[in-house]
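Report on the structure given below.
For this chain, numbers begin at 1 and follow the sequence in order.
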Amino acid sequence: MTAKIIDGKALAEKFNQLTKQQLKELKKKFKLVPSLAVILVGKNPASHIYVKRKVAKCNELGIKSLQYLLPEEVQEEELIELLSRINSNPTINGILIQLPLPTHINTRKIINHIHPTKDVDGFTPTNVGKLVLGQDTLIPCTPFGCLMLIKSVNDDITGKHVVIMGRSNIVGRPLAQLMIKENATVTVTHSYSENLNAITKQADILIVAVGKSGIVTKDMVKSGAIVIDVGINRLTDGSLSGDVDFNNVKEVASFITPVPGGVGPMTIAMLMHNAYKACLMQNSLLVEE
């Protein structure tokens, strides 16, 4: 068996074209153009690349982007003041804070100052709470992208055993809630988990988000499993690697995402969708799901 590759770029393009069409209709019917404020602190090279990609996608699809580039030494109070101004500005629909923030800034405190209806990353306590309760909300972009990747090859997850490696607030925890909503049986593993190989070997769907290159090997994967690799690691030679030993795991999996070209493009596509949805919410145009 050789796994089929789940092409994240191609799937993201389908979603982006749908969002682009929705944005055109929104402009035509209601004269609305969603706007996204992107806040970047410091000179982290990777963060600047990610922001550049997100802004370019906004411009391509028809979302207005506003960039706030702040120095590394910016203080929490200044950042909170900026968020307050953006929160109260009705012409700005979404707020994206590029993470990580410098170590002197309390990330959780800053995220808590984003208005929930402008929280396109889905990180605020209000939106996390709604996700846990199964209510319609702005869903974190990477977990949302993972779900769409899985559904592109297996639309019905009901009863499937989903194993998620990693319990971060950005990926693992919200992913678990999304999978529960899909009626899957969910196991979340972490650095304290015992008998890890035995657990991952049970997974019909294995999602890996731990940030360690090649940590998932062939012997950890059930034959025929769907494998979603969220990890992106920069190797010493400058190349990128996922958390999954791709070349060997693809021999036992039924479907697998590559790195790069898997989860990454879908994360940005879901961000664009969330910017559109946030605009609908703020203009009372959203029909609740």
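Leu280 has its side chain within reach of Leu26: a pair of non-hydrogen atoms, C-beta onward, lies under 4.5 Å apart. Between Ile170 and Leu99, some side-chain heavy-atom pair lies under the 4.5 Å cut-off. Using a 4.5 Å cut-off on side-chain heavy atoms (C-beta onward), Leu11 and Met266 make contact. Contact of the Cys146 side chain with the Leu178 side chain is not registered, since no non-hydrogen atoms from C-beta on lie closer than 4.5 Å. The side-chain heavy atoms of Pro174 and Gln177, taken from C-beta on, include no pair separated by under 4.5 Å. Contact check for Ile110 versus Ile80: side-chain heavy atoms found under the 4.5 Å cut-off. For the pair Asn248/Thr217, no side-chain contact is recorded, criterion being any heavy-atom separation below 4.5 Å from C-beta on.
Shown here are the side chain to side chain donor-acceptor pair (under 3.5 Å) partners of Asp229, two or more places apart in sequence or in another chain: there are none. Residues passing the ring-ring contact (aromatic ring centres under 6.0 Å, His included) test with Phe255, sequence neighbours excluded: none. Evaluation of the side chain to side chain donor-acceptor pair (under 3.5 Å) rule for Thr91 yields Asn89 as partners, not counting sequence neighbours. Residues satisfying the side chain to side chain contact (heavy atoms under 4.5 Å, CB included) test with Glu81, not counting sequence neighbours, are Arg85. In this structure, the side chain to side chain donor-acceptor pair (under 3.5 Å) partners of Ser239, at least two apart in sequence or on a different chain, are Asp237.
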Walk me through whether Ile97 and Leu79 qualify under side-chain contact (heavy atoms from CB on, under 4.5 Å). CA-CA 10 Å; Ile97 299 178; Leu79 199 45; 5.5 Å; no

Run the salt bridge (Lys or Arg N to Asp or Glu O under 4.0 Å) test on Lys14 and Asp7 for me, step by step, so that the C-alpha distance in whole Å, both residues' side-chain angles and the decisive distance to 0.1 Å come before the verdict. CA-CA 11 Å; Lys14 285 178 64 177; Asp7 189 340; over 6 Å; no

Applying side-chain contact (heavy atoms from CB on, under 4.5 Å), run through Lys54 and Leu96 and close with a yes or a no. CA-CA 10 Å; Lys54 292 167 184 176; Leu96 168 70; 3.6 Å; yes

Determine, step by step, whether Leu240 and Arg234 satisfy the side-chain contact (heavy atoms from CB on, under 4.5 Å) criterion, reporting the C-alpha distance in whole Å, the side-chain angles of both residues, the deciding distance to 0.1 Å, and the verdict. CA-CA 5 Å; Leu240 295 176; Arg234 181 75 64 178; 3.5 Å; yes

Walk me through it: do Gln67 and Val55 pass the test side-chain contact (heavy atoms from CB on, under 4.5 Å)? CA-CA 8 Å; Gln67 294 184 66; Val55 169; 3.8 Å; yes

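Salt-bridge check for Lys57 with Glu60: passed, with a basic side-chain N closer than 4.0 Å to an acidic carboxylate O.
Among residue pairs with one or both ends in residues 149-166, those qualifying as salt bridge (charged side-chain N to carboxylate O under 4.0 Å, His left out) are Lys151-Glu182; sequence neighbours excluded. Residue pairs meeting the ring pair (Phe, Tyr, Trp, His ring centres under 6.0 Å) criterion with at least one member in residues 116-170, sequence neighbours excluded, are Phe144-His273. A salt bridge (charged side-chain N to carboxylate O under 4.0 Å, His left out) check over residues 258-272, counting only residues at least two apart or in different chains, returns nothing. Within the structure, the salt bridge (charged side-chain N to carboxylate O under 4.0 Å, His left out) test picks out the following pairs touching residues 106-126 (sequence neighbours left out): Glu76-Lys109. Legend: salt bridge (charged side-chain N to carboxylate O under 4.0 Å, His left out) pairs involving residues 194-218, not counting sequence neighbours, sorted by first then second residue: Asp204-Lys222, Lys218-Glu251.
If you chain together hydrophobic residues whose side chains sit under 4.5 Å apart, Val132 and Ile139 never meet in one group.
Taking Ile, Leu, Val, Met, Phe, Trp and Tyr as hydrophobic and joining them when side-chain heavy atoms fall under 4.5 Å apart, one finds Ile49 isolated, its cluster having no other members. Residue Val227 shares its hydrophobic cluster (ILVMFWY side chains chained together at separations under 4.5 Å) with Ile5, Val163, Met165, Leu196, Ile199, Leu206, Val208, Val210, Ile215, Val216, Met220, Val221, Val244, Phe246, Val249, Val252, Ile256.
Scanning all heavy atoms of the two residues, the minimum distance from Pro100 to Ser47 falls at CD-OG, 4.1 Å. Among all heavy-atom pairs drawn from Val162 and Ala184, the shortest one is CG2-CB, 3.7 Å.
Just one of Leu82, Thr124, Leu83 meets the side-chain contact (heavy atoms from CB on, under 4.5 Å) condition when paired with Ile95; it is Leu83.
For the residue pair Glu13 and Gln17, a side-chain donor N or O sits within less than 3.5 Å of a side-chain acceptor on the partner.
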